[in-house]
Amino acid sequence: MKKIFYKIFPILTVALLTTLTGCLNDSDYDNGINGIKSGVQNFVEIHLTSGNNSNVINEAYDVAATVQTEEVVPIVLTSGPATSDLTIDFIQLTPTKTDPLSPTYSALLDSMVNNWHDAAGKKIDNLNYPTATQLVIANENNKVVIPKGSSVGYIKININPTDFLGKTWVIGFKITGVSDSKYTLSNLTTGIIKFNIKNQYDADYLCNGYRIRPGNPTEAVTDEIRRLSTINATTVQDPKFGNYSSYHVNVEVTTTPMIVGGVTCYKVNATPVDDTGAVKGAMFTTWTGDATADPAPPTNPTDINYYNPVTKTFVLNCYYFSGAGNRIMYEVLVRQ
């Protein structure tokens with residue numbers, strides 16, 4: 001049976017309410033209780049949130065190019081169940097920050113954007129707006145039908161999750177009519193939803209490791225919380241190269257198995273890049289590092305550059321080129 005969780009929370013200070021539904025809650029998804037199929041790595045996760053990141057609903061999808069139907073906005077009766085089928089008309093709002101559909105919508109958008117921050121607390125400015133081909137209204141003729149005996153109906157959208165990976169998206173809706181005015185809706189006329197889709201490796205990790213520069217003491221990273229962020233369905237970006245933040249590491253989880261300590265893990269392709277995404281180095285095939293530093297060297301020198309799906313741990317050993325000699329990175333990142 002499909003497991004549904006309902007959360008209701010305010011989006012706007014003018015009392016607009018939105019309920020978002022999903023198959024998993026955060027702890028279920030993070031702990032692998034639901035949504036992870038044995039042997040399947042390619043899952044993505046959809047987040048639908050209100051004006052901040054305090055309420056998040058998750059749903060896991062296979063990344064195959066399959067359109068999913070999502071119930072994203074509930075239309076709720078506060079006057080009791082409908083005694084006959086009730087029809088709600090609505091329109092989708094598709095503004096941009098520079099060319100809003102209306103001044104009212106622009107003001108709403110600006111007020112909510114001021115409260116939107118990513119997992120690291122950084123304000124989100126790079127909002128994206130789905131095109132008509134990316135996001136299709138699933139309700140016939142833009143109508144929500146609340147059936148007799150019920151108090152809720154949903155605005156539904158059809159999306160392919162893989163089209164939305166790694167970015168923050170905004171959609172809006174406006175209620176334009178009710179077939180019977182004697183019923184009272186909890187929703188006001190206009191609402192905004194922000195959502196992003198991330199892959200299953202996008203999360204906070206506890207990083208221990210270091211960077212080695214020839215002729216310098218080993219530069220340690222100790223118990224540092226890092227957010228590995230989505231690049232595509234199977235790749236996340238480590239924001240640092242050891243203790244160095246000007247270079248990052250793109251980590252692609254492959255389907256190639258490797259056995260580490262009796263556990264089936266998956267090889268990764270770890271690629272150091274700069275802020276522009278230009279490749280600046282590569283990964284080692286045999287451990288190279290400081291035998292006296294933490295974390296300890298791997299038991300076998302080839303037990304590097306892999307993902308352990310049981311402990312949800314990345315072990316990375318990379319290098320980037322420098323005129324003074326290669327810089328070496330060794331990190332162990334454990335999901336929190």
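Under the 3.5 Å distance criterion, the side-chain polar atoms of N269 are left unmatched by any main-chain donor or acceptor of V253. Looking only at distances, a side-chain donor or acceptor of N216 sits under 3.5 Å from a matching main-chain atom of P214. Listed for the T254 side chain is a donor-acceptor partner under 3.5 Å among the backbone atoms of K267. Of the possible donor and acceptor atoms, one in the side chain of N199 sits under 3.5 Å from a partner among the backbone N and O of T235. Not one N or O on the side chain of E70 forms a donor-acceptor pair closer than 3.5 Å with the backbone of Q68. A donor-acceptor pair is defined here as one N or O able to donate and one able to accept, closer than 3.5 Å; no such pair exists between the side chain of T230 and the backbone of N232. A donor-acceptor pair is defined here as one N or O able to donate and one able to accept, closer than 3.5 Å; no such pair exists between the side chain of D274 and the backbone of Y247. Side-chain atoms of N139 come within 3.5 Å of backbone N or O of Y154 as a donor-acceptor pair.
With side-chain heavy atoms closer than 4.5 Å counting as contact, directly or through intermediates, the hydrophobic cluster containing L206 also holds I225.
Residues L228 and D202 form no side-chain contact, since every pair of their non-hydrogen atoms from C-beta on lies 4.5 Å or further apart. Side-chain contact between F284 and I304 is present, with at least one heavy-atom pair separated by less than 4.5 Å. Put simply, the side chain of R335 does not reach to within 4.5 Å of the side chain of T313, judged on heavy atoms. Residues N317 and I328 have side chains in contact (heavy-atom distance under 4.5 Å, counting atoms from C-beta outward). Counting heavy atoms from C-beta outward, K280 and T271 have side chains that stay 4.5 Å or more apart. Within the 4.5 Å cutoff, side-chain heavy atoms of I88 are placed close to those of I175. Annotation: side chain of L86 is in contact with side chain of L77 (closest heavy-atom distance under 4.5 Å).
The pair R226-D204 does not count as a salt bridge, with every side-chain nitrogen at least 4.0 angstrom from each carboxylate oxygen. One finds no salt bridge joining D85 and K148 here, because no Lys/Arg side-chain nitrogen approaches an Asp/Glu carboxylate oxygen to under 4.0 Å. Between R213 and E219, at least one side-chain N (NZ, or NE/NH1/NH2) sits under 4.0 Å from a carboxylate O, which counts as a salt bridge.
Among residues two or more places apart in sequence or in another chain, the side chain to side chain donor-acceptor pair (under 3.5 Å) test is passed with D163 by none.
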Step-by-step side chain to side chain contact (heavy atoms under 4.5 Å, CB included) determination, I137 to I157: CA-CA 5 Å; I137 300 298; I157 60 174; 4.1 Å; yes

Evaluation steps, side-chain hydrogen bond (donor to acceptor under 3.5 Å, both in side chains), between D223 and N208: CA-CA 5 Å; D223 291 340; N208 282 277; 3.0 Å; yes

Which is it for K182 and T83 under the side chain to side chain contact (heavy atoms under 4.5 Å, CB included) test, yes or no, and what are the steps along the way? CA-CA 11 Å; K182 73 180 180 183; T83 56; 4.1 Å; yes

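Taking CE of M329 as the reference point, atom OH of Y244 lies at 14.5 Å (rounded to 0.5 Å). From I159, atom CD1 reaches atom CZ of F164 across 5.5 Å, with rounding to the nearest 0.5 Å. Between the CG atom in L135 and the CG atom in N160 there is a gap of 11.5 Å [rounded to 0.5 Å]. Rounding to the nearest 0.5 Å gives a distance of 12.5 Å between CZ of F321 and CZ of R327. With rounding to the nearest 0.5 Å, the separation of OG1 in T176 from CG in D89 is 5.0 Å. Rounding to the nearest 0.5 angstrom, the gap separating the OG1 atom in T264 from the CD1 atom in I259 is 3.5 Å.
Of the candidates E224, E331, H248, E224 is the only one forming a side-chain hydrogen bond (donor to acceptor under 3.5 Å, both in side chains) with K240.
There is a side-chain donor-acceptor pair under 3.5 Å between D290 and T218. Looking at T302 and N300, their side chains never bring a donor and an acceptor atom within 3.5 Å of each other. Judged by distance alone, the side chains of T69 and N158 do bring a donor and an acceptor atom under 3.5 Å apart. Counted by atom type alone, Y320 and R211 present one or more donor-acceptor pairs between their side chains at under 3.5 Å.
V273 and I231 fall into different hydrophobic clusters, where Ile, Leu, Val, Met, Phe, Trp and Tyr are joined by side-chain heavy atoms under 4.5 Å apart, directly or via other members. Residues V268 and Y201 are members of one and the same hydrophobic cluster, defined by side-chain heavy-atom contacts under 4.5 angstrom among Ile, Leu, Val, Met, Phe, Trp and Tyr. Both L316 and Y266 are members of a single hydrophobic cluster when ILVMFWY side chains are connected at heavy-atom separations under 4.5 Å. M283 and Y319 fall into different hydrophobic clusters, defined by Ile, Leu, Val, Met, Phe, Trp and Tyr side-chain heavy atoms under 4.5 Å apart, directly or through other members.
Closest heavy-atom contact between C207 and L333: CB-CD2, 3.7 Å. Pairing each heavy atom of C318 with each of F241, the nearest pair is O-CZ, 4.0 Å. Here the shortest heavy-atom pairing between V249 and A270 reads CG1-CB, 4.0 Å. Contact record, A233 with L165: N-CD1, 3.4 Å, taken as the closest heavy-atom pair. Residue A220 comes nearest to N243 through the heavy atom pair O-CB, 4.4 Å, listed as atom of the first residue, atom of the second, then distance. Between P295 and V332, the closest heavy-atom pair is CG-CG2, 3.7 Å.
For an aromatic pair to be called close, the ring centres must be under 6.0 Å apart, and Y307 with F314 satisfies this. Ring pair Y210/Y330: centre-to-centre distance below 6.0 Å.
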